[in-house]
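Beneath this line is the structure, given in structure tokens, with notes to follow.
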Amino acid sequence: MEAINNASFLLYLLLASTLYSRTKGGDTLTPSQPLADNGETLISSSGSFELGFFSPAAGSKDRYVGIWYRNISVQTVVWVANRQRPVTGQSGQSGRLSLTINGTLVIADENSTVVWSSNSPALADPAARLLDNGNFVVSGSRDVTSSYAWQSFDFPTDTLLPDMKLGWNLTSGHSSNLTAWASATDPAPGRYATAIDPHGDPQIYLWAGMRQFFRGGPWNGLRFSGIQEINKSVFNTFSFDFIVDSKEITYSFHSRDRSILSRLTMHHSGVLQRLVWIESSKLWNVMWLTPRDQCDNMLSPCGPYGVCYPSRSPMCNCLLGFRPKSLKSWDLRDGTGGCERSSELDCRNGTDGFVVLSGAKLPDTSRSTVNRSMNLEQCRALCLRNCSCKAYASANISGEGSGCIIWITELTDIKAYDGGGQDLYVRLAFDDLGLESTNSQRSRRVIIILIPALAILLLLCAAFCIWRRKKTSQTNSDHSAYTEEAVEEDDFDLPLLGLAAIMDTTDNFSLDNKLGQGGYGPVYKGKLWGEQEIAVKRLSKTSTQGLHEFKNEVTLIAKLQHRNLVRLLGCCIQSGERMLIYEYMHNGSLDTFLFDKNKGKLLGWKTRYNIILGIARGLLYLHEDSRLRIIHRDLKASNILLDEDMIPKISDFGMAKIFGGDETIGNTKRVVGTYGYMSPEYAMDGIFSMKSDVFSFGVLILEIISGRRNRGVYQSTRHLNLLGHIWSLWKEDKGLDLVDASIGHPIPTDEVLKCIKIGLLCVQERPENRPTMSSIVLMLGSNSFLLPEPRQPGFVIGSKYWSENDSSPSKKDSSVNQVSVTILEGR
Ligand SMILES: *[C@@H]1O[C@H](CO)[C@@H](O)[C@H](O)[C@H]1NC(C)=O
Ligand SMILES: *[C@@H]1O[C@H](CO)[C@@H](O)[C@H](O)[C@H]1NC(C)=O
Ligand SMILES: *[C@@H]1O[C@H](CO)[C@@H](O)[C@H](O)[C@H]1NC(C)=O
Ligand SMILES: *[C@@H]1O[C@H](CO)[C@@H](O)[C@H](O)[C@H]1NC(C)=O
Ligand SMILES: *[C@@H]1O[C@H](CO)[C@@H](O)[C@H](O)[C@H]1NC(C)=O
Ligand SMILES: *[C@@H]1O[C@H](CO)[C@@H](O)[C@H](O)[C@H]1NC(C)=O
Ligand SMILES: *[C@@H]1O[C@H](CO)[C@@H](O)[C@H](O)[C@H]1NC(C)=O
Ligand SMILES: *[C@@H]1O[C@H](CO)[C@@H](O)[C@H](O)[C@H]1NC(C)=O
Ligand SMILES: *[C@@H]1O[C@H](CO)[C@@H](O)[C@H](O)[C@H]1NC(C)=O
Ligand SMILES: *[C@@H]1O[C@H](CO)[C@@H](O)[C@H](O)[C@H]1NC(C)=O
């Protein structure tokens, strides 16, 4: 009887192994059918992921077992089993991945030496399956529970996939982190890792070796406090879970749309990045990456009670009510010593209050106390009651805001964002509370938490503001007394100047005062009210725009304010004249420096790099961050002005808008712009988009590095323009040859090469391959970043447009059909 039973069980096993065994392309590994390194792979049921042997470096004999996306053209490995020890061997591909009958996964080489095993608990009748989310799991084949004896998701390498958990399982004590590869071709654990620190309010940290070097901060309900998305569309595509309870402290994300491939990866250069696959351009697009800016290069760059501002120079400031501990090192731009209170707290008498720092990355929370059920009012009361409490903030800013974090240790590693971040309430002594500035939008909230005495101060301030406003509008109307047309002050909050005043200040538009001739008319210098120096742009009369429209556009454009844009101060509309009044820039335009051998020497590499970065930031603001979406359409060296500190300011922005045509992607009959900076699709088809500006920006980068104009370079044999010339040097790995000799030595070659590469990425022929301005700013701002290889630029050879001869017949004619631009094929 027993024998029969045994026999039938054997038969069953035999049947089972034939029925359930892996046929080629199946998703299951069984003890009877190991996976050999002969091209065999497991493929998940709907074909998303593939598991098999691979070599990270072409031609290498080192073989690893890994999982990669099956359906994309760039092999992207998301998990590696034997990352420490590859299968090597004389006979080449001789490794085997097998499942023992006890349920352990084993990789063995040609001599059956085990190089890796999964060390999972024993299991009867096991099977290993590659699931559709990229998880490789081992379970008993008759096991119907959802838990697995072993799963690859518990042992991430450098990549977090949707549904995978990063962090701590408090029941088992197991923690998982992302550890970068040692290099692009070596999956061994590298120097950099991302892990979750469970202390206090749990935070995400980046590690270099045994040292933390970047704090991503606590989860605030929407994101990690110290990591800013650059692409807000992540919220539409993904949902995020940060679970803190007695069983686990984990972070995970989930894709709402399975067809969108996304991953979080610790890159071997030490950058944590979220990537999304873009099928049309066959690239991984960066949604965000970190560390990102000057504040992220170390932990707490501005010390205790210091605040780091990513876009300011110097970057460190003290919190309101605090002063630098050591003025001397602060002056030397070393903020790490931090700040100290101006007045000591007076806890017992109950006179302390709070100031709010808006847009903050929360201070280190590893030693702070959290209560997730309190509201902000209770939180404030709790903090006031406890004499060692230094600050409080909301623990969860999603929705109404909830929860309470309290700091009783000093506040370190604070950063303030321009957008994003959250409110941090810092406790101050009574004497320091009045320092709060009243012009911030958030100041109303402060009133609630400050003691009533401050209200009086506010009232006084308000009165002063009203008085001042009245006074300014009076001054304005003095000037507008000159205007004939009925321009109402109220619907136009930009100072309106009279023609007579302008003629006076520019000496009747005298040639002496003429600064130059821009695309939209001449520019004159003047002095306003006897002191402020201004530049007056006298618009040519070709604009077809009505007065009302013109005023609307100018008002909108005046509201665009950015450190890297020239400020519009006012305008003049009178007697058929239209003029724009700008701040005056002392160092004139970039082209006068760039293309002049002697003045070029004044621009060292650092200055040039800062100019590139500044232009990128200004352009990003125009494209994405301002309320309007502005395409410049005529970006070129002569439209970049430099102030006393050589800070670049983009001028002539919004002119395309003023002159009509404000679509984001448009098709225009009238091609404005300058040959040499124009993208192929714009020059040929009149199609413009933000990517046409990106092209012009790329040309500008390459001009800034080479000190040469895009239409001024020839090699005697080939008629190549600057782009062609640079491309051929780049292909020959001689990119550094094009660097302007005026820059002097030494130059940081890595940074220069990075800039050239970014320049080449911007001038790629197909607009969809060019990066967006936000990616460009990121690429420029991060020290190390994996840039894609640029493709062939959209450049032309032998065309009359690129000839130095300005009297070339076609140059005068800007009608689209006659613009013949040829694209060079291959080399
Ligand atoms: C694979 O990619 C193609 C093209 O992007 C797509 O049409 C197809 O649905 C994808 N297949 C799977 C299984 O994701
Ligand atoms: C396998 O064994 C042979 C003979 O002992 C040896 O030469 C070879 O190096 C071994 N291969 C590996 C990968 O250890
Ligand atoms: C499976 O487990 C049994 C008992 O624990 C052990 O004797 C045997 O060696 C194991 N087999 C393998 C292939 O690991
Ligand atoms: C934690 O580990 C235990 C034991 O391995 C397991 O049963 C449990 O499901 C894990 N918890 C989570 C949240 O993964
Ligand atoms: C990440 O995990 C690996 C393997 O568990 C461990 O050796 C390493 O110390 C961890 N790194 C950090 C920073 O936690
Ligand atoms: C943001 O990401 C989406 C894909 O999820 C992409 O279509 C869009 O172009 C991105 N925006 C920017 C500014 O990069
Ligand atoms: C409380 O106020 C009194 C009078 O203003 C002052 O003398 C005393 O020092 C204060 N207490 C503390 C702890 O500062
Ligand atoms: C959190 O705050 C609530 C409400 O004030 C209180 O009932 C609860 O005991 C607090 N929890 C902890 C752990 O302190
Ligand atoms: C202040 O709060 C901290 C943390 O919650 C606590 O350890 C400490 O005992 C409190 N001090 C007082 C005086 O309540
Ligand atoms: C944060 O608050 C939102 C809205 O109240 C809530 O849905 C979410 O679960 C909270 N998150 C955490 C981690 O408590």
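Atoms within a ligand are numbered from 1 in the order they appear, just like the ligands themselves.
- Numbered from 1 in the order shown, with element, the atoms of ligand 8 that lie under 4.0 Å from a heavy atom of Met374 read 2 (O), 5 (O).
- Ranking protein heavy atoms by distance to atom 13 (C) of ligand 10, first place goes to Phe242 O, 4.2 Å.
- For atom 7 (O) of ligand 5, the nearest protein heavy atom lies 4.0 Å or farther away.
- For ligand 8, the polar-atom distance check against Gln378 finds no nitrogen or oxygen pair separated by under 3.5 Å.
- Looking at atom 1 (C) of ligand 10, its nearest protein heavy atom turns out to be Asn396 ND2, 1.4 Å.
- Under the 4.0 angstrom criterion, atom 11 (N) of ligand 10 counts as having a protein heavy-atom contact.
- Among all protein heavy atoms, the one lying closest to atom 14 (O) of ligand 5 is Asn177 ND2, 3.2 Å.
- Atom 9 (O) of ligand 8 has as its closest protein heavy atom Asn371 ND2, 4.8 Å.
- Distance screen at 4.0 Å: atom 3 (C) of ligand 5 has a protein heavy-atom neighbour inside the cut-off.
- The existence of a salt bridge linking Lys390 and Glu410 is excluded, since no basic side-chain nitrogen approaches an acidic carboxylate oxygen closer than 4.0 Å.
- Between Asp241 and Lys165 there is no salt bridge, since none of the side-chain N atoms of the basic residue sits less than 4.0 Å from a carboxylate O of the acidic one.
- Cys pair Cys316/Cys308: SG-SG separation is not below 2.5 Å.
- In terms of polar-atom proximity, defined here as any N/O pair under 3.5 Å, Trp219 makes no such contact with ligand 10.
- Centroid-to-centroid, the aromatic rings of Phe224 and Tyr251 come within less than 6.0 Å.
- Among Gly221, Ser398, Ala395, the residue whose heavy atom lies nearest to atom 5 (O) of ligand 10 is Ser398.
- For a disulfide, the SG atoms of both cysteines must be under 2.5 angstrom apart; this holds for Cys347 and Cys387.
- Taking the six-membered ring where the residue is Trp, the centroids of Tyr392 and Phe354 are separated by under 6.0 Å.
- Aromatic rings from Phe49 and Trp79 are positioned such that their centres are separated by 6.0 Å or more.
- A salt bridge links Arg372 to Asp201: at least one charged side-chain nitrogen sits closer than 4.0 Å to a carboxylate oxygen.
- Residue-ligand proximity, Ser373 to ligand 8, at heavy-atom distances under 4.0 Å covers atoms 1 (C), 2 (O), 3 (C).
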